[in-house]
Amino acid sequence: MATELSEGEEEGKVNGGNQVLIVEDDLREMGKKAAWSVSSCKPGNGVSALRDENLETYWQSDGAQPHLVNIQFQKKVMLQLVVLYVDFKLDESYTPSKISIRAGNGFHNLKEVKTVELDKPSGWIYLSLSGNDPRETFVNTFMLQIAVLSNHLNGRDVHVRQIKVYGPRPNPIPHQPFHFTSREFVTYSLVR
């Protein structure tokens, strides 16, 4: 289950990681609907390396911390989960150790949603955007910003191999209180 804590995770601290990306069926990847930008990058290691589905490529920052990944949507979207692939074994001092996730309408009003410390992560790291209140299962936002605040071994630049953002899958029938999955149930779900 994607919203469960990663191996060894406490509140605000993540150890380990999963080698296989596993996400619930009721979530969909929202990153393709967004405009992505980064605060800085080395030539050939920009945003395209974050989104190419290849774990061998990575975004490498080139500048002072914090290193930022900005994800902007044309309309307000519901986001529930951020998944990052980082690898301490390959990247060592380039691996993030503290990450802040912020949400808002734009750069002018970003608010911190979650801060997480990573302890030598290797694999997919699942970061739920749900709050402390059980009714807060997602964040409704125009913009999400992922800020790398510090690296392992006091590294300066960062390597992040993949980032994916997930939101709830919409109900295919508007104003329908139930979410039917089979074609037969959907066919008989409305009374004329």
Exercise for the section: Evaluate the side chain to side chain donor-acceptor pair (under 3.5 Å) criterion for residues Gln162 and Asn54: first the C-alpha distance (whole Å), next the side-chain angles of each, then the deciding distance (0.1 Å), finally the verdict. Expected result: CA-CA 8 Å; Gln162 291 290 301; Asn54 183 356; over 6 Å; no

Practice task
For Ser122 and Phe88, indicate whether the former's side chain and the latter's backbone hold a donor-acceptor pair under 3.5 Å.
Solution key: no

Completion exercise
Sorted by chain and residue number, the ring-ring contact (aromatic ring centres under 6.0 Å, His included) partners of His159 (sequence neighbours excluded) come out as Tyr58, Tyr94

Practice task
List the atom of Asp52, the atom of Ala49, and the distance in Å for their closest heavy-atom pair.
Solution key: OD1-O, 3.1 Å

Exercise for the section: Kindly say whether Ile125 contributes a backbone atom to a donor-acceptor pair with the side chain of Asn18 at under 3.5 angstrom? Expected result: no

Exercise for the section: Before giving the answer on side chain to side chain contact (heavy atoms under 4.5 Å, CB included), spell out for Leu21 and Tyr126 the whole-Å C-alpha distance, their side-chain angles and the decisive distance to 0.1 Å. Expected result: CA-CA 9 Å; Leu21 179 63; Tyr126 299 90; 3.8 Å; yes

Problem - Ion pair Asp62/Lys42, N-O distance below 4.0 Å - result: yes

Fill in the blank from the handout: For Thr137 and Gln80 the tightest heavy-atom approach is O-CG, 3.2 Å

Practice task
For residues Val20 and Trp124, report the shortest heavy-atom separation together with the two atoms involved.
Solution key: C-CD1, 3.7 Å

Problem - Main-chain N/O of Gly106 paired to Asn109 side chain as donor or acceptor, under 3.5 Å - result: yes

Handout entry: side chain to side chain contact (heavy atoms under 4.5 Å, CB included) assessment of Ser93 paired with His152
Key = CA-CA 5 Å; Ser93 68; His152 283 81; 5.8 Å; no

Handout entry: Distance-minimising heavy-atom pair for Gln19 and Gly123
Key = NE2-CA, 3.8 Å

Exercise for the section: To the nearest 0.5 Å, tell me how far Lys89 NZ sits from Lys120 NZ. Expected result: 11.5 Å

Exercise for the section: Enter the distance from Ser97:OG to Leu149:CG here, rounded to the nearest 0.5 Å. Expected result: 8.5 Å

Exercise for the section: Return yes if some donor-acceptor pair links the side-chain N/O of Gln72 with the main-chain N/O of Phe107 below 3.5 Å, else return no. Expected result: no

Practice task
Please report the closest heavy-atom contact between Val86 and Pro121, naming both atoms and the distance.
Solution key: CG2-CG, 3.5 Å

Handout entry: Close side-chain approach of Leu127 and Val83, heavy atoms under 4.5 Å
Key = no

Fill in the blank from the handout: Note: Gly63 and Ser40 closest approach over all heavy atoms is N-OG, 3.8 Å

Practice task
Check whether any side-chain heavy atom of Tyr166 sits under 4.5 Å from a side-chain heavy atom of Leu79, and report yes or no.
Solution key: no

Practice task
Would you check if Val47 and Val69 make a side-chain contact, meaning some heavy-atom pair closer than 4.5 Å?
Solution key: no

Problem - Distance-only polar pair, side chains of Thr115 and Glu112, donor-acceptor under 3.5 Å - result: yes

Exercise for the section: Please answer whether the main-chain N or O of Ala103 pairs with a side-chain N or O of Gln145 as donor and acceptor at a distance below 3.5 Å. Expected result: no

Practice task
Verify side chain to side chain contact (heavy atoms under 4.5 Å, CB included) between Leu118 and Thr95, making sure each step is shown before the conclusion.
Solution key: CA-CA 9 Å; Leu118 305 175; Thr95 309; 5.9 Å; no

Problem - CG/Asp25: more than 12 non-hydrogen atoms of other groups inside 6.0 Å - result: no

Practice task
Give the cluster check for Ile101 versus Leu110: same hydrophobic cluster or not, with ILVMFWY residues linked at side-chain heavy-atom distances below 4.5 Å.
Solution key: no

Exercise for the section: With the side chain counted from C-beta on, respond yes when Ile71 and Ile146 share a heavy-atom pair under 4.5 Å apart, and no when they do not. Expected result: yes

Handout entry: Distance-only donor-acceptor check, side chains Gln65 and Asp157, under 3.5 Å
Key = no

Handout entry: Salt bridge Glu29-Arg169, side-chain N to carboxylate O under 4.0 Å
Key = no

Practice task
Kindly work out whether a path of hydrophobic side-chain contacts (I/L/V/M/F/W/Y, heavy atoms less than 4.5 Å apart) joins Ile163 to Val113.
Solution key: yes

Handout entry: Polar side-chain atom of His67 near backbone of Ser61 as donor-acceptor pair, under 3.5 Å
Key = no

Problem - Backbone of Asp87 reached by a side-chain donor or acceptor of Arg161 within 3.5 Å - result: no

Practice task
Check for a donor-acceptor pair, side chain of Ser130 on one end and backbone N or O of Phe138 on the other, with a separation under 3.5 Å.
Solution key: no

Exercise for the section: For residues Val160 and Pro96, determine if any side-chain heavy atom of one lies less than 4.5 Å from a side-chain heavy atom of the other. Expected result: yes

Exercise for the section: Please check if the side chain of Trp59 supplies one atom and the backbone of Arg51 the other of a donor-acceptor pair under 3.5 Å. Expected result: no

Practice task
Decide whether Trp36 and Val139 are clustered together by the hydrophobic rule: side chain heavy atoms of Ile, Leu, Val, Met, Phe, Trp, Tyr closer than 4.5 Å, transitively.
Solution key: yes

Handout entry: Between NZ on residue Lys114 and OG on residue Ser100, distance to nearest 0.5 Å
Key = 11.5 Å

Practice task
State which residues pass side chain to side chain contact (heavy atoms under 4.5 Å, CB included) with Lys76; sequence neighbours excluded, sorted by chain then number.
Solution key: Asn105, Asn140, Phe142

Exercise for the section: Answer with yes or no whether the hydrophobic clustering places Val116 together with Leu50; edges join I, L, V, M, F, W, Y residues whose side-chain heavy atoms lie under 4.5 Å apart. Expected result: yes

Handout entry: Side chain to side chain, Leu129 and Val82, heavy atoms closer than 4.5 Å
Key = yes

Exercise for the section: Begin with the C-alpha distance, continue with both residues' side-chain angles, and end with the deciding distance and a verdict on side chain to side chain contact (heavy atoms under 4.5 Å, CB included) for Leu81 and Lys164. Expected result: CA-CA 8 Å; Leu81 182 69; Lys164 296 186 179 291; over 6 Å; no

